[in-house]
Number of protein chains: 2
Amino acid sequence: MASGDLTLSILGLLGRGPMHGYELKARIHGLSGHLRPVSDGALYPAIARLEKKGFVERHEEEGAGAARRQVLTLTEAGRRELLRRLREPADLDISDQTRFFGLLAFLSQLRDREAQARVLRRRLAFLETPASFFYEDGRPLRAEEVGDPFHRGMLVVARAISVAEREWLREAVAELESAPAGARPE
Amino acid sequence: MASGDLTLSILGLLGRGPMHGYELKARIHGLSGHLRPVSDGALYPAIARLEKKGFVERHEEEGAGAARRQVLTLTEAGRRELLRRLREPADLDISDQTRFFGLLAFLSQLRDREAQARVLRRRLAFLETPASFFYEDGRPLRAEEVGDPFHRGMLVVARAISVAEREWLREAVAELESAPAGARPE
DNA sequence: ACTAACATGTAATCTGTTACATGATTGA
DNA sequence: TCAATCATGTAACAGATTACATGTTAGT
């Protein structure tokens, strides 16, 4: 998980409801298709940082069986921060596949459909700029010009990704722009 | 660019021939489709680390016009390190799209076709394990079960990526296994 | 003379990894 | 009782970002 992602994941998951650190860890793990074990050494310091900034509150859980469970709750400031990050993502969140997916996972929490569409349009615009994987002498190579078979594979796959994602984005934007139906909270 | 990628990129580019830092920077930038400006604060320390490990040698360029240019050359140990990284990639290099592409960019330098095929087969095996984007209650959700439209988009796109990449990988593996033709150095 | 591109570096700060450390609860 | 899972943390270290700092060369 690239830098900064963890913070958004924590805010986004807590945006759905309070939970404790260990559950957060399991959910983040599930979010990524079990690819990346979230290390404790990243998670707990990240929570502590968010607490220090006043985005998260922590309460020792009483009653329930387990020991030392600390229930984490998003504060009002925390929710504002989450919405801000969803509404105005950094360029890197738009251009990087993994990070963009990290955004998508929580975008429904941004209730404003026009704001959601704006985010998708930014991604679409990025995918539509003619950027390719190999620049040589200043301009992108076309697949036929690529001798290296592995480079050719990169181009072929990158193309397919771009086509599939653009198709979905166009449908989703149209859907958001048309009806006041369909956008569900989770 | 995720951690560790920079080092592989430097080794891989220098594996093609000596160049100085500034050119390295431009080439790395081009490799990624101009997405991520490589910061000086990452590049020069990375070069220094590689030099300290004996993988790279540095020679002040004489004669040529520009000032202070330092030509970087891969040492024998450096080339062994590059080949080792290409031949035995870490799990993360296989499971992460971006990192796997970072490998592919230099895989042709690993001359052994069987070793190349082994790397592609590892990626193929990874893509064929039934991992999805959303695990809930321990098992992956299918697209129809996903209510959130953005989550559905993630699934649809992830599926398309997987299909396209697997198709290319199968072709490429077959090609590598069959003929002793075609695998070109760059 | 000025600006853009070439060229190389350092420092403060942030975030992540791995390894270490601790302890409770649950089920076999 | 023993292992697995739940649960939370710290410390050493690695690598990245941004901002700062410096100087050359080539073109207008």
Side-chain angles (χ1 to χ4, degrees), chain A residues 1-11 18-29 32 35-53 56 58-72 85 90-93 95-96 98-99 102 138, chain B residues 1-11 18-29 32 35-53 55-56 58-72 90-93 95-96 98-99 102 138:
Chain A
M1 189 165 288
S3 89
D5 265 350
L6 229 197
T7 302
L8 180 61
S9 296
I10 294 171
L11 292 173
M19 66 187 77
H20 56 274
Y22 194 80
E23 191 182 346
L24 220 35
K25 187 178 155 182
R27 301 286 215 95
I28 292 171
H29 198 205
S32 69
L35 298 189
R36 44 198 120 191
V38 185
S39 62
D40 297 339
L43 181 65
Y44 291 105
I47 292 170
R49 283 194 299 273
L50 289 172
E51 199 190 0
K52 206 168 125 196
K53 286 178 188 158
V56 162
R58 186 193 300 241
H59 302 286
E60 199 92 14
E61 194 180 45
E62 304 140 39
R68 283 212 298 154
R69 268 185 170 194
Q70 320 224 335
V71 176
L72 307 170
R85 281 171 184 251
D91 283 344
L92 185 59
D93 293 315
S95 60
D96 182 280
T98 309
R99 292 186 68 112
Chain B
M1 191 164 285
S3 88
D5 264 350
L6 229 197
T7 302
L8 180 61
S9 296
I10 294 171
L11 292 173
M19 66 188 78
H20 55 275
Y22 194 81
E23 190 181 347
L24 221 36
K25 187 177 156 183
R27 301 287 216 96
I28 292 171
H29 198 205
S32 69
L35 299 189
R36 44 201 116 196
V38 184
S39 62
D40 296 339
L43 180 65
Y44 291 104
I47 292 171
R49 282 194 300 274
L50 289 172
E51 199 190 2
K52 205 169 127 195
K53 286 178 187 158
F55 295 153
V56 162
R58 185 194 300 240
H59 302 286
E60 199 92 14
E61 195 180 44
E62 304 139 39
R68 283 213 297 155
R69 268 185 169 193
Q70 320 225 334
V71 176
L72 306 169
D91 283 344
L92 186 60
D93 292 315
S95 60
D96 183 280
T98 310
R99 292 186 68 111

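Below, all heavy atoms of this structure are taken into account, side chains as well, without hydrogens, waters or symmetry copies. Reminder, nothing fancy here: chain letters follow the sequence lines and each chain counts from 1.
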Think [X] has a side-chain N or O under 4.0 angstrom from the OP1 or OP2 of [N]?
X: A/Ser39; N: C/dG16; result: no
X: A/His20; N: D/dT8; result: no
X: A/Arg58; N: D/dG9; result: yes

[X] [atom1] to [N] [atom2]: how many Å, rounded?
X: A/Ile10; N: D/dT8; atom1: CD1; atom2: C1'; value: 14 Å
X: B/Glu60; N: D/dG23; atom1: CD; atom2: C1'; value: 13 Å
X: A/Leu8; N: C/dG16; atom1: CG; atom2: P; value: 12 Å
X: B/Leu24; N: C/dA7; atom1: CG; atom2: P; value: 12 Å
X: B/Leu92; N: C/dT17; atom1: CG; atom2: C1'; value: 11 Å
X: A/Arg69; N: D/dG9; atom1: CZ; atom2: P; value: 14 Å
X: B/Asp5; N: D/dT17; atom1: CG; atom2: P; value: 11 Å
X: A/Leu43; N: C/dA19; atom1: CG; atom2: P; value: 18 Å

What are the atom names and distances for every N/O pair under 3.5 Å that joins the protein to nucleotides 10-14 of chain D?
none

Answer yes or no: is there a side-chain heavy-atom contact under 4.5 Å between [X] and [Y]?
X: A/Leu43; Y: A/Ile10; value: yes
X: B/Met19; Y: B/Leu72; value: no
X: A/Arg58; Y: A/Ile47; value: yes
X: B/Leu24; Y: B/Val38; value: no

(request) Considering non-hydrogen atoms only, spot the tightest contact between A/His20 and A/Gln70 and give its length. (result) CB-O, 3.0 Å
(message) According to ring pair (Phe, Tyr, Trp, His ring centres under 6.0 Å), who are the partners of B/His29, at least two apart in sequence or on a separate chain?
(response) B/His34
(request) Give a yes or no on whether a salt bridge exists between A/Arg85 and A/Asp93, defined as a side-chain N under 4.0 angstrom from a carboxylate O. (result) no
(request) Enter the distance from A/Arg99:CZ to A/Leu8:CG here, rounded to the nearest 0.5 Å. (result) 8.0 Å
(request) To the nearest 0.5 Å, tell me how far A/Ser32 OG sits from A/Asp5 CG. (result) 10.0 Å
(request) Quantify the bending of the helix from C/dA1-D/dT28 to C/dA28-D/dT1 as the angle between its end axes, each fitted on five pairs, to 10°. (result) 20°
